[in-house]
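Since the structure comes first, as structure tokens, the remarks are kept for the end.
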Amino acid sequence: MSQPQATEANDIAYCRSDFPVLDQAVNGHPLVYLDSAASAQQPAAVIDAVARYQREDHANVHRGVHTLSHRATELYEGARDKLCSFINASSRAEIIHTSGTTESINLVAQSYCRPMLQAGDQILITWLEHHSNIVPWQLVCEQTGAELIVAPINDRGEVELDELRALMTDRVKLLGIGHVSNALGTINPLLEIIADAKQRGISVLVDGAQAVPHMNVDVQALGCDFYAFSSHKMIGPTGAGVLWGREALLEAMPPYKGGGDMILEVNFEHTVFNELPYKFEAGTPNISGMIGFGAAVDYLQSVGMDNIYQHEKALHSYMVSKLKAIDGLHLIGTAREQASVQSFRLNDIHPHDLGTILDHQGVAVRTGHHCAMPVMQRFGLPGTTRASLGLYNNSDDVDQLVVALEKARQVFA
Amino acid sequence: MSQPQATEANDIAYCRSDFPVLDQAVNGHPLVYLDSAASAQQPAAVIDAVARYQREDHANVHRGVHTLSHRATELYEGARDKLCSFINASSRAEIIHTSGTTESINLVAQSYCRPMLQAGDQILITWLEHHSNIVPWQLVCEQTGAELIVAPINDRGEVELDELRALMTDRVKLLGIGHVSNALGTINPLLEIIADAKQRGISVLVDGAQAVPHMNVDVQALGCDFYAFSSHKMIGPTGAGVLWGREALLEAMPPYKGGGDMILEVNFEHTVFNELPYKFEAGTPNISGMIGFGAAVDYLQSVGMDNIYQHEKALHSYMVSKLKAIDGLHLIGTAREQASVQSFRLNDIHPHDLGTILDHQGVAVRTGHHCAMPVMQRFGLPGTTRASLGLYNNSDDVDQLVVALEKARQVFA
Amino acid sequence: MNVIANNDELQQLYRETILDHARKPRNFRQLAKATHTAEGINPLCGDKLRLYLVVDADQTVIEAGFEGSGCAISMASASLLTETVPNLSVAEADACFVSVTGRLTEQTVDSELATKIDLSKLKALDGVRAHPSRVKCATLAWHTLHAALIHSQTSAKTE
Amino acid sequence: MNVIANNDELQQLYRETILDHARKPRNFRQLAKATHTAEGINPLCGDKLRLYLVVDADQTVIEAGFEGSGCAISMASASLLTETVPNLSVAEADACFVSVTGRLTEQTVDSELATKIDLSKLKALDGVRAHPSRVKCATLAWHTLHAALIHSQTSAKTE
Ligand SMILES: Cc1ncc(COP(=O)(O)O)c(C=O)c1O
Ligand SMILES: Cc1ncc(COP(=O)(O)O)c(C=O)c1O
């Protein structure tokens with residue numbers, strides 16, 4: 001692979017000025033935001049869409065005959081349509097609005113798995129998973145007597161495919177797997193893995209929190225059964241997310257929560273649940289969050305997911321080449337297919353100390369376990385420092401990171 | 001009761017101009033928003049607090065050492081402190097951020113009730129409840145073999161206290177009761193009811209969605225065990241809410257969802273849950289929503305909850321006197337203690353038709369079952385038309401409603 | 001009294017025909033000999049109706065009736081329906097469903113069958129087009145017709 | 001290389017004393033004779049330490065030791081702690097907890113007991129005050145001390 005030039009990485013960096021938060025100084029330095037894997041920043045188009053909604057159109061959805069309520073419903077349901085086509089779902093009935101990836105996965109654990117799991121059944125995950133794709137399964141296993149089993153990863157941070165396959169026995173009812181690792185950036189070869197699982201009759205949930213913001217995702221092409229993601233990782237508001245699921249599976253699942261909007265008829269003898277997707281959307285939803293989410297999808301599509309992918313890939317390569325040149329810096333996570341996330345250590349400086357020193361220089365990175373403690377345990381580390389890129393980053397950001405790391409080396413020399 | 005003057009009702013109406021959405025024409029008429037019980041409008045202070053956060057301070061909370069993450073965490077946790085003192089909770093550990101009342105109640109049903117309920121146990125509610133305070137109990141009863149029992153209401157829309165008390169037997173494990181009815185406006189005599197229940201060893205959950213926006217609420221003085229409410233009903237953003245619970249009870253409950261932030265330590269053998277309130281807050285929370293919620297509390301407190309209560313009470317009395325004067329209009333819900341919500345029928349005009357005709361004249365009311373189908377069944381109605389007031393309403397709004405109702409009578413004459 | 005803007009629009013919606021059918025719904029009864037029946041629910045406003053059809057061996061609709069409660073638009077629409085479908089073949093009746101729902105949701109639906117049927121009376125429903133939130137009320141009976149014709153066991157709904 | 005603003009602040013945080021204790025933590029060992037022990041966790045950065053105290057019949061702390069891993073601030077703070085508490089009474093040691101955590105969180109805490117103890121060495125920790133996100137690292141060991149002294153079975157944590 002030829003080393004990319006800094007300029008290549010700047011193709012779409014013109015969009016940077018659309019993100020107001022980036023235009024500020026932190027500790028006397030221009031902000032360098034390298035923490036998009038934790039939460040992405042929002043373009044003015046998203047912030048304004050939310051504010052405009054609140055200033056002009058707000059009302060509760062679905063249940064009103066008046067004009068504002070109708071407008072709010074159109075905007076809210078319009079966001080569902082945008083999300084439906086964004087991930088190429090086959091029907092809007094399959095787009096369940098949730099509060100985020102975590103809730104999406106809990107919904108599947110409780111409504112899909114809990115009723116079906118027997119003692120002795122297994123749920124299969126990998127060592128790469130985020131806590132959100134571990135703990136919900138631990139809880140449902142405890143509730144049902146099922147067992148959680150885990151496929152190992154290698155030293156590059158890739159799932160050991162042979163071992164994963166070997167674990168796919170008759171006992172396994174569901175495979176929960178990340179599309180892209182938030183801690184190491186590894187892109188899993190999902191097409192292959194899902195095909196294997198489905199062949200063995202295993203349902204597959206994909207945690208797509210770190211994939212949807214950075215690449216084209218087509219849930220039908222992937223062949224999985226459930227796909228979960230969050231608005232705030234993809235330049236949208238917090239408190240909003242999606243569970244996509246196959247209509248037939250969702251249809252057969254009991255509701256997750258009870259309340260308004262998820263029922264057709266309530267009386268004390270029997271209650272008739274609403275149709276999809278509403279069966280899973282009890283209570284007043286995050287209307288403004290979903291409207292902002294829809295605006296985020298519009299924005300991403302206007303830039304183009306392929307452009308975003310190429311831009312971030314080039315910038316990541318540039319960052320890796322620069323980091324490698326730093327004395328005492330060790331990359332953690334060197335998968336052959338890697339997204340725009342890079343974990344590393346610098347000598348024996350604790351990540352928390354490193355984070356503070358970088359912050360002093362305006363550079364925002366995440367440090368610690370990244371909600372993926374098993375990954376840390378696998379590498380025998382208390383945590384890592386992680387620089388993660390978004391569409392708005394450019395090579396200057398990487399250069400500033402490198403300068404700041406050199407300074408840290410001096411402090412701890 | 002002396003009939004209030006229109007002017008009295010305008011005490012705090014100066015705040016109306018703080019609410020940008022109200023300043024618009026709908027169908028050629030100035031908007032008259034009488035649907036606050038469905039969702040309240042937001043003052044610019046709340047809209048701007050959210051936008052400012054997104055433009056200046058956004059990052060993920062709790063897990064970051066960098067400046068933005070620290071600022072975001074301070075703002076987010078600051079909102080918890082405001083909510084804690086707003087309802088006079090004894091500790092911030094008792095303020096669980098949820099997506100709204102519906103989720104708060106489901107949390108209690110699943111984490112508090114589900115593990116403890118046995119076949120034959122009972123959950124007690126009333127005929128006044130919103131679906132959010134019915135369906136979660138139906139679901140958990142189905143899951144456990146417990147039974148849902150329901151205390152009746154009288155023709156004014158008040159809970160029959162004797163019958164409620166008679167139902168409070170040893171078999172009842174929890175009483176779920178609304179503070180204020182969203183369909184009829186009835187204010188339940190909670191102090192008395194809760195004391196009775198507690199004396200019999202029954203836990204009490206209060207659905208406070210319609211109370212907290214309109215009156216001073218002190219959860220310690222009430223003596224209940226859980227109290228649930230929503231941000232969007234109290235001039236804050238959608239997708240945010242609170243479950244308040246007694247610390248000792250929350251402490252003993254298993255987590256509701258699994259994911260990031262709700263754990264201290266994850267490994268595949270055993271996982272250590274975080275302390276309160278974080279044990280119940282899995283995943284990235286609705287950061288901007290909670291910050292807006294905090295700003296809403298600030299705004300409400302600056303106006304003063306007592307002022308709001310008095311203003312709405314006077315305006316409600318004015319509205320009732322005006323409505324009563326309309327030929328063919330029947331009030332539904334005439335409790336002796338009533339909040340600023342009024343349901344009614346006009347001749348045999350179907351509420352849906354009435355809603356459309358009012359909307360034509362710029363008047364936004366809610367029509368239908370108001371997510372309280374049992375109340376409608378009790379009164380033998382398909383639904384009602386409901387005008388509900390907020391702090392920003394004034395006597396002009398009421399006058400416009402009356403004009404619009406007269407017009408409807410003509411159309412259907 | 002203040003001036004009512006859009007007065008026309010309101011009168012378009014609540015035409016005399018609509019108010020008349022809503023007040024005095026035609027064929028408002030259960031049909032004991034019904035061969036087809038279905039229930040329709042519009043959860044938005046609580047409209048609920050059950051439609052009964054008598055279809056003979058030739059697949060012709062002999063009679064239609066309904067029961068239920070709802071807003072003026074949904075009641076009038078159901079009443080008009082029961083006057084429209086008798087003497088139509090099952091295929092023709094279903095074509096009416098396609099045609100009416102298409103017209104009200106402003107989709108152009110071409111159905112040869114429907115063009116042969118006189119639907120002029122249903123023009124009375126056209127006022128709902130300007131009221132997107134009411135279209136579901138007007139189409140409920142027709143969705144229910146469709147459900148009854150295909151012997152659906154589940155209830156029809158318009159939300 | 002660009003100019004580092006706030007360089008001073010950074011040097012205040014990572015003073016020589018801190019770096020020295022972090023690199024070579026004192027009393028970094030399990031104490032077999034420990035009478036009191038507790039674990040402290042700072043989930044934010046994964047700091048984790050176990051503190052051991054030997055307390056004699058007079059309620060005097062004879063010896064202190066710790067094990068664990070964490071950032072420079074938390075390790076240095078623990079190391080400094082183990083040099084501070086020996087020869088103090090249990091009450092005095094607990095007063096140090098109050099005093100140090102109070103000082104770092106900028107609450108003024110008045111404790112007669114603490115004023116009698118020489119805490120000047122702990123001034124090295126004062127740099128964290130300017131770094132609110134790091135205060136928890138500095139106070140972790142002291143919270144753990146408090147937990148150990150009150151024989152708490154649960155682990156201490158600072159989040
Ligand atoms: C009395 C009452 N309880 C519960 C709810 C449910 O609140 P939310 O939809 O915000 O979850 C509402 C509002 O819809 C309500 O009025
Ligand atoms: C891979 C992965 N899965 C799940 C999550 C959880 O997402 P959320 O916190 O938005 O629920 C995250 C982000 O924290 C993530 O990176």
Side-chain angles (χ1 to χ4, degrees), chain B residues 25-32 35 38 131 183 326 345-377 379-386 396 399-413, chain C residues 1-25 28 40-50 67-79 124-125 127-141 157-159:
Chain B
V26 162
N27 292 320
H29 296 265
L31 170 64
V32 173
D35 195 22
H131 294 167
I326 295 176
R345 321 187 52 198
L346 181 57
N347 292 323
D348 57 356
I349 306 178
H350 190 281
H352 208 176
D353 296 312
L354 193 50
T356 295
I357 298 172
L358 298 188
D359 180 53
H360 252 276
Q361 299 167 78
V363 179
V365 294
R366 184 95 353 185
T367 62
H369 54 66
H370 316 297
C371 288
M373 283 190 188
V375 174
M376 301 302 128
Q377 289 154 14
F379 286 90
L381 298 172
T384 69
T385 300
R386 180 187 74 185
D396 288 349
D399 295 340
Q400 288 308 310
L401 168 67
V402 171
V403 167
L405 286 168
E406 288 292 354
K407 168 75 187 173
R409 266 194 344 122
Q410 289 168 25
V411 171
F412 275 82
Chain C
M1 183 164 176
N2 71 349
V3 180
I4 305 296
N6 305 321
N7 219 345
D8 282 0
E9 239 181 44
L10 205 54
Q11 264 150 19
Q12 284 301 311
L13 183 61
Y14 293 108
R15 293 181 207 194
E16 209 32 68
T17 315
I18 298 290
L19 292 176
D20 177 52
H21 276 265
R23 283 196 198 98
K24 295 174 301 210
F28 191 80
I41 297 176
N42 176 356
L44 178 65
C45 48
D47 297 334
K48 202 170 165 175
L49 59 86
R50 179 163 285 281
E67 285 179 323
S69 66
C71 63
I73 311 290
S74 68
M75 288 296 104
S77 181
S79 172
L125 293 169
V128 299
R129 280 198 220 136
H131 297 77
S133 68
R134 303 306 301 277
V135 169
K136 287 167 182 167
C137 307
T139 57
L140 177 64
K157 58 185 284 295
T158 59
E159 203 185 38

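Reckoned from all heavy atoms, side chains included, excluding hydrogens, waters and symmetry mates.
Interface residue B:Ala413: only backbone heavy atoms are found under 4.5 Å from chain C. For chain B, the nearby part of C:Leu19 is the side chain; its heavy atoms alone come within less than 4.5 Å.
Contact record, C:Cys71 with B:His352: CB-CB, 3.8 Å, taken as the closest heavy-atom pair.
Under the 4.5 Å side-chain criterion, counting only non-hydrogen atoms from C-beta, B:Lys407 is in contact with C:Leu10. At least one side-chain heavy atom of B:His350 sits under 4.5 Å from a side-chain heavy atom of C:Asp47.
Salt bridge status for B:Asp353 with C:Arg134: present, with a side-chain N to carboxylate O gap under 4.0 Å.
With chain C as the partner, the residue from B:Val411, B:Thr356, B:Asp348 showing the most heavy-atom pairs under 4.5 Å is B:Thr356.
Among residues two or more places apart in sequence or in another chain, the side chain to side chain contact (heavy atoms under 4.5 Å, CB included) test is passed with C:Ala141 by C:Leu49, C:Ser77, C:Ala78, C:Leu81.
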